[in-house]
Number of protein chains: 2
Amino acid sequence: MDSPIIAKAPVRTASLGKREQTKVQNREIILDAARKVFGELGFGATTVRDIIRATPLASGTFYNYFKSKEEVFQAIQDEMALTLRPRLRDERLKAKTVEEFISSTFRSFMEFVAEDHVSVRTIRHTADTTRVRIHTPEIVAGFEELREDIEKAIAQGLFPPVDADYLMASIVGVAFEVADRMMTREHRDPAAAAAFATALFVGGIRMLPHADHPAAKTGTA
Amino acid sequence: MDSPIIAKAPVRTASLGKREQTKVQNREIILDAARKVFGELGFGATTVRDIIRATPLASGTFYNYFKSKEEVFQAIQDEMALTLRPRLRDERLKAKTVEEFISSTFRSFMEFVAEDHVSVRTIRHTADTTRVRIHTPEIVAGFEELREDIEKAIAQGLFPPVDADYLMASIVGVAFEVADRMMTREHRDPAAAAAFATALFVGGIRMLPHADHPAAKTGTA
DNA sequence: ACGATTGGTGACGGGTCGTCAATTTCCGGT
DNA sequence: ACCGGAAATTGACGACCCGTCACCAATCGT
């Protein structure tokens, strides 16, 4: 197999067969084109044709890799989630106090959004008024993970026994919405945005109603 | 004009000309059909054709009323915003304390979402994973209004001098995200959801960094 | 009662969708 | 080095959607 003559070894792409190689390449070509086109036209306005047109490939080839533009979008989002999720989890596990738990989450998130503005802006800041948010399996898993970590923190006595589901939802809502605002500002400051969100939760968690059982049900009044 | 014979007065649709009457009717017919179809297929999957097909009208007629499915969606959202916005504002203006300000906002919002689950579910809970949020002029105005009210409250010394923009964004994020969770629960309890969100902010606002000037800029560290 | 005007109708050209038979490219065995 | 089979690419195709517009019916003002 490995002939003594190494000369024409195909670049060095992990030495896969040519087949697998172009497969990976084409996938990336499509994703890159999609990022570009989504950024220019917005998610709603782009068509599968727009994406392949920004590519040297034929229309049929697209469907060998993705079922629809939605699936491409998902893949792009998943790529981001895959970067961010382990980072967040690691930092949360290291947290010894409520403040550390919360602040590490927001700091990582805001920094990621600010740094990766290429992708994020391309995707989220898309068109004018229409925001699309896809709940990728990977992203949903990230949310669940946060909720589990909150539950764990409650079990360890780090957090008071609050409604973990609502707390997770609140963190997610604040993270996304404040990040969005941050990106519209002239002087982007992820640290300040994270500090704001952190203070809100660190101060607020103490006041939260205590839910003795996981399934929280307070009376009507 | 008003002949003595009232008998066949056309229902009582504000006694407009027949022309204006069917105009209003058709608009409502389209909106109803749209609500139904969006609920069944989700926003992304529905086409303008699907909407008119759920209607006795012809395809061309649709475009006499709306430019696109996006515009129909906007109209539906605006209708909701138009109901909710004055309610929220009134209650906020009556608020004498931080607690009243925050709790009235969340209570009204959560109750509205819970009551109007027909519309809200039809629209927001649309497909499986793809959430679409359109920033209607009316909705954006509602956000701005909240921010202004916060600024007013700060000026009056009701609130500490926090970053009104981020605070507004946080309230919006928590409201939407917690409401979403609330709707997935078996035992929907708007009061509990509102209480949770209120406690979070009432407790948290005290800890928020004080922004002396409206344009908040903390150093990098 | 009658012309003017408004608004509904549905067919049309242009474009997208997802598919599929034909073709090219790659791989492994001889 | 060559060849046959597998795998992937290609682009044309029928079905459908889009937004428009000439045509026609209903309504209005007089």
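Throughout, a chain's letter reflects where its sequence line sits, starting with A, and its residues are numbered from 1.
A salt bridge links A:E28 to A:R35: at least one charged side-chain nitrogen sits closer than 4.0 Å to a carboxylate oxygen.
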From CA spacing to verdict: ring pair (Phe, Tyr, Trp, His ring centres under 6.0 Å), A:F106, A:F201: CA-CA 10 Å; A:F106 282 120; A:F201 279 87; 5.6 Å; yes
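Remark: A:R185 qualifies as a cation-pi partner of B:Y166 under the 6.0 Å distance and 45° angle criteria applied to the six-membered ring. Stacking of A:R133 on the aromatic ring of A:F176 is recorded, both the 6.0 Å distance cut-off and the 45° axial limit being met.
What separates CD of A:Q21 from C1' of C:dT25 is a distance of 14 Å, to the nearest Å. Atom CG of A:L41 is separated from atom P of C:dG15 by 15 Å (rounded to the nearest Å). Atom CD1 of B:I52 and atom P of C:dG10 are 10 Å apart (whole Å). If you measure from atom CD1 of A:I29 to atom C1' of D:dA8, you get 14 Å, rounded to the nearest angstrom. Here D:dA26 presents its P atom at 17 Å from CG of B:N64, a figure rounded to the nearest Å.
A sub-4.0 Å separation between OP1 or OP2 of C:dG8 and a side-chain N or O of B:N26 is present. Taking 4.0 angstrom as the limit, B:K23 places a side-chain polar atom (N or O) nearer than this to OP1 or OP2 of C:dG7.
For residues 56-70 of chain A, the set of pairs meeting the salt bridge (Lys or Arg N to Asp or Glu O under 4.0 Å) definition, not counting sequence neighbours, comprises A:K67-A:E71.
The residue B:Y65 sits close only to the backbone: its heavy atoms come under 4.0 Å of sugar-phosphate atoms, none of a base.
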Taking protein heavy atoms under 4.0 Å as touching, what does nucleotides 11-25 of chain D look like 5' to 3' if B marks base contact, S marks sugar-phosphate-only contact and - marks none? BB----SBBB-----
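Between the side chain of B:D116 and the main chain of B:V113, no donor-acceptor pair closer than 3.5 Å is present.
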